[in-house]
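This is the structure I want to talk about, given as structure tokens.
No hydrogens, no waters, no symmetry mates; every other heavy atom, side chains included, goes into these values. Position 1 is the first residue of the sequence, and the numbers go up from there.
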Amino acid sequence: MTRIFVLTNHKGGVGKSTSATNIAFGITGVLHRAGAPNARVLLIDTDSQGHATLVTTDRNNYGADDSLYTVLMADRQAAPQVLAHCIVPSTWDENLHVLPASPLLEGAERELMGVAGAPYRLADPLSRIVNQYAAVVIDTRPSFSLMTEMGLLAATDAIVPVEPRYLENGRLIYLSGRSIQDKKHYNPPRDLIGERRPYYNHAFDSGSDYLVIVEGQADAISFAEWGIPALALGGMQVSDDLLTTLRGYRRVFVALDNTDDAREQNHQIGQTLGGRAYLPQLPDGVKDANEWLAVHHATANDAQAMLNQASSWLINEVERVSHLEGLEQEDAIRGLFQHTHDLDALTLTRFKTLMAGLGIQGRAFNELLKASQAQNKSCDTEEETTEVFSDNIPVLSPALGFSRGLALVTVSLRERTKNNRLNVQPYLVTSTRELVRLKDQQILTIHDQEIALRVIPEGSEFLMRWRYNDIQRFLKGDEVQPGDVFRIVHDLFTTYIDFRSPVESRVLTLWTIGTYFYTLFPAYPYLALNGPKNSGKSTVLRVLQPLAFNMISTSDPTGPAMFRLIYYTSCTVGIDEAERYHNPRDPGMQQIRQLLNSGYKDGMPAIRLTGEDMKPQAFDVYSPKILAAIVGLEDILASRCILIPMRRTDQKMPFVPPDFDGTAIRHQLYVLALTHFQPVYANYFERSELYTLHNRSGELWSHWPLSLKNMVVLPIC
């Protein structure tokens with residue numbers, strides 16, 4: 001009998017679609033490798049959002065004639081033939097077939113509600129063709145609906161992904177997948193905000209005295225098949241926290257992939273770990289441990305022999321240094337002695353013997369050893385030396401930070417390395433016209449002023465919004481006039497959008513400029529674009545996207561990603577279809593509602609549980625946000641918004657050019673923020689007569705528009 005697995009949970013975000021697609025693909029692979037006569041698996045997507053359909057077929061535009069909707073609405077007698085016709089091959093594997101979802105499934109539920117036999121409209125036709133498949137996997141929507149009932153009635157087995165908060169000490173903290181040939185984009189984005197977590201295989205034991213480091217999770221699982229504890233980095237980078245953990249092992253076998261890049265990284269990690277690092281060598285022609293197991297059928301004895309024959313990084317390095325000459329060799333020898341402070345007696349003896357071959361013996365060896373040990377002791381003492389941080393030093397967001405006499409923004413720039421590779425590196429651009437490369441220091445001195453960065457920013461292509469050539473113009477003294485910037489932005493909005501009155505366009509323009517100053521203010525209101533379809537809401541977001549500070553636009557934000565993105569980048573957030581947040585029963589919206597309720601005001605962080613120990617962490621989610629909706633927002637959210645009513649126009653408005661990227665205007669906005677923040681600061685902090693409104697009205701209207709209006713010297717109404 002063919003097993004039919006349904007994945008269901010009324011909670012969204014627990015990994016149903018991810019699990020369904022990976023289970024289906026995994027069964028296909030297992031059957032194929034086992035030589036099964038039938039390795040075909042059918043994946044059925046019953047969720048109108050179609051996430052499983054999109055990732056497995058590269059499409060989510062299936063409709064009335066080629067999707068599950070077609071099957072459900074077909075004549076009952078013809079439904080099996082219709083189902084067979086609608087099944088499509090996946091792009092992942094020829095044996096993985098997909099019955100795609102469609103947005104029309106939302107309407108199908110309403111049409112079939114109350115129809116006799118409706119819950120069996122999937123089970124009946126599926127039973128006629130199911131014997132063609134070795135297994136069937138059904139993905140469901142995050143609710144108990146008619147579609148979910150159909151999936152349950154069709155299934156032989158149910159899998160319920162558990163909501164993370166119901167676990168005593170576990171949760172989904174990072175998700176990764178093996179990339180498929182020509183489908184590398186299914187790997188998690190490298191610039192994803194948040195820490196990439198290592199994966200420990202099921203043979204891992206914290207009491208073990210050794211550990212193998214590999215690149216991918218599949219390699220770690222392969223070592224588990226051999227009974228060897230392994231850790232997958234999910235790449236080739238090792239965090240400082242992980243290095244601290246690795247230094248607790250007697251031996252660390254660094255076994256990244258058998259490629260030139262990985263071998264170079266093996267050496268770098270070995271250099272960091274010193275004498276406890278060992279470099280095993282995979283057989284020639286084998287890319288990684290998973291290929292060695294799956295293709296070449298390596299055994300546990302083979303793997304243990306490879307580790308047993310691994311050479312110490314330090315001993316390997318002595319061999320390399322022996323081929324150097326002159327001053328280069330002398331410097332390299334001094335470097336080797338920096339790794340001797342924690343060697344055991346046997347390894348130190350071998351090291352001493354090898355160094356004698358380089359002419360370093362007797363008194364010379366002992367002096368170098370004594371000097372390196374003294375230096376390491378001095379470094380340890382220096383690391384332990386701390387002092388209480390002064391309250392007089394401002395702690396600023398590096399993304400967009402202001403103090404009385406200093407402003408700064410973080411940008412990412414591409415660098416060319418010595419190996420002719422590209423590196424994306426964060427830099428600070430300051431109001432003192434300095435370009436500061438950021439490394440791992442949070443306390444900096446800029447123009448004789450000491451400041452602290454709230455977080456250490458990471459290099460990300462998301463922050464590549466100010467071109468290097470334009471930054472150079474600013475560093476050389478480029479200036480802008482506030483009134484000119486206002487007119488340029490205002491003219492751009494009124495060119496493509498027909499506003500009801502000049503008030504709306506001017507408020508929107510001031511609000512856009514204000515996104516480059518908002519951290520100066522204690523609160524920054526959201527904008528709510530309300531109006532019927534085709535009233536220009538999406539056009540406003542399209543024009544605003546390249547102009548507002550670090551803006552992102554989305555119609556389906558996820559809580560964890562948004563918390564971290566705002567915390568690290570102070571980004572402006574544009575949310576389309578915001579009426580979704582009316583539904584209090586939608587569990588996927590709870591985190592977003594928390595973010596929106598807190599994020600209009602400084603000093604109202606969102607508390608999240610992070611790390612292995614579920615430690616509470618406060619995320620600053622204060623940032624500008626603009627919400628587009630056909631209907632009005634619920635009262636709490638509406639009270640945080642300035643309403644911009646939109647209308648359908650009877651004029652022929654031009655379309656926004658596809659290549660519009662706002663680069664030139666964005667340059668002027670950056671320059672305006674870094675050169676005119678002091679008048680805005682003075683307007684807010686020193687001119688109390690400007691502010692006569694109180695409570696929520698004061699938060700919405702007093703601080704930002706008056707401070708900015710007096711800078712640009714233009715009325716807003």
### Query
Is any NZ, NE, NH1 or NH2 atom of the basic residue among Asp620 and Arg454 found under 4.0 Å from an Asp or Glu carboxylate oxygen of the other?
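Yes, this pair counts.
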### Arg647 and Asp498 ion-paired at < 4.0 Å
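Here Arg647 pairs with Asp498 in a salt bridge, since their nearest N and O are under 4.0 Å apart.
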### Query
Is Tyr524 reaching over with its side chain to a backbone N or O of Trp511, donor-acceptor style, under 3.5 angstrom?
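Yes: the side chain of Tyr524 pairs with the backbone of Trp511.
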### CZ/Arg437: more than 12 non-hydrogen atoms of other groups inside 6.0 Å
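Yes, CZ of Arg437 has more than 12 neighbouring heavy atoms, counting only those of other groups under 6.0 Å.
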### Task
Could you tell me whether a side-chain N or O of Ser505 sits under 3.5 Å from a main-chain N or O of Thr494, the two making a donor and an acceptor?
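Looks like no, no N/O pair under 3.5 Å.
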### Task
Keeping the roles fixed (side chain from Gln425, backbone from Leu438), state whether a donor-acceptor pair exists under 3.5 Å.
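Side chain of Gln425 to backbone of Leu438, a donor-acceptor pair under 3.5 Å: yes, one is there.
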### Task
Would you check, one step at a time, whether the test ring pair (Phe, Tyr, Trp, His ring centres under 6.0 Å) holds for Tyr516 with Tyr670?
CA-CA 7 Å; Tyr516 287 76; Tyr670 276 118; 5.4 Å; yes
### Query
If you measure from the Lys or Arg side-chain nitrogens to the Asp or Glu carboxylate oxygens, is any gap between Glu458 and Lys439 under 4.0 Å?
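The answer is no: the pair does not qualify as a salt bridge.
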### Query
Where the side chain of Arg640 meets the backbone of Asn597, is there a donor-acceptor pair that is under 3.5 Å apart?
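Here the side-chain-to-backbone pair exists.
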### Partner of Tyr622 under side-chain contact (heavy atoms from CB on, under 4.5 Å), chosen from Tyr567, Tyr600, Phe521
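For Tyr622, the side-chain contact (heavy atoms from CB on, under 4.5 Å) test succeeds with only one of Tyr567, Tyr600, Phe521, which is Phe521.
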### Message
Main chain of Asp478, side chain of Arg433: is a donor-acceptor contact present, judged purely on distance under 3.5 Å?
### Response
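Judged by distance alone, yes, a pair lies under 3.5 Å.
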### Message
Please check this pair: side chain of Thr572 against backbone of Phe549, looking for a donor-acceptor N/O pair closer than 3.5 Å.
### Response
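Here the side-chain-to-backbone pair exists.
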### Query
Do Phe660 and Leu492 have side chains that get closer than 4.5 Å, going by heavy atoms?
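Contact flag for Phe660/Leu492 side chains = yes.
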#### Entry: Heavy-atom donor-acceptor pair, Ser431 side chain to Ala407 backbone, under 3.5 Å
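The answer is yes, because a donor-acceptor pair under 3.5 Å joins these two groups.
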### Message
How close do Leu396 and Gly401 get, counting heavy atoms only, and between which atoms?
### Response
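Shortest heavy-atom contact: CB-CA, 4.2 Å.
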#### Entry: Min side-chain heavy-atom separation Gln265-Val238 under 4.5 Å
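Contact flag for Gln265/Val238 side chains = no.
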### Thr430 (side chain) donor-acceptor with Glu434 (main chain) under 3.5 angstrom
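Pair found, side chain donor or acceptor close to backbone of Glu434.
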### Task
Could you go through the side chain to side chain donor-acceptor pair (under 3.5 Å) check for Ser412 and Ser460 one step at a time?
CA-CA 6 Å; Ser412 285; Ser460 166; 5.7 Å; no
#### Entry: Side-chain heavy atoms of Tyr427 within contact of Ile471, under 4.5 Å
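Tyr427 does not reach Ile471 side chain to side chain.
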### Query
Looking at Met551 and Leu541, what are the two nearest heavy atoms and their distance?
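Taking Met551 first and Leu541 second, the nearest heavy atoms are CE-CD2, 4.1 Å.
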### Task
Please answer whether the main-chain N or O of Pro546 pairs with a side-chain N or O of Arg666 as donor and acceptor at a distance below 3.5 Å.
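Yes, because the side chain of Arg666 sits within donor-acceptor range (under 3.5 Å) of the backbone of Pro546.
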#### Entry: Exercise: do Asn60 and His51 side chains pair donor with acceptor under 3.5 Å
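No, no side-chain donor-acceptor contact under 3.5 Å.
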#### Entry: Least distance between heavy atoms, Lys537 atom then Ala628 atom
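Heavy atoms of Lys537 and Ala628 come nearest at CB-CB, 4.0 Å.
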### Message
Could you tell me if Ser403 and Gln449 have a donor-acceptor pair between their side chains, going purely by distance under 3.5 Å?
### Response
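Yes, a side-chain donor-acceptor pair sits under 3.5 Å.
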### Message
Treating Thr509 as the side-chain partner and Phe486 as the backbone partner, does any N or O pair qualify as donor plus acceptor under 3.5 Å?
### Response
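No, the answer is negative, given that no donor and acceptor are paired below the 3.5 Å cut-off.
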### Message
Could you go through Ser535 and Lys533, starting from their C-alpha distance and side-chain angles, then the distance that decides it, and tell me whether this counts as side chain to side chain donor-acceptor pair (under 3.5 Å)?
### Response
CA-CA 5 Å; Ser535 59; Lys533 290 183 177 180; over 6 Å; no
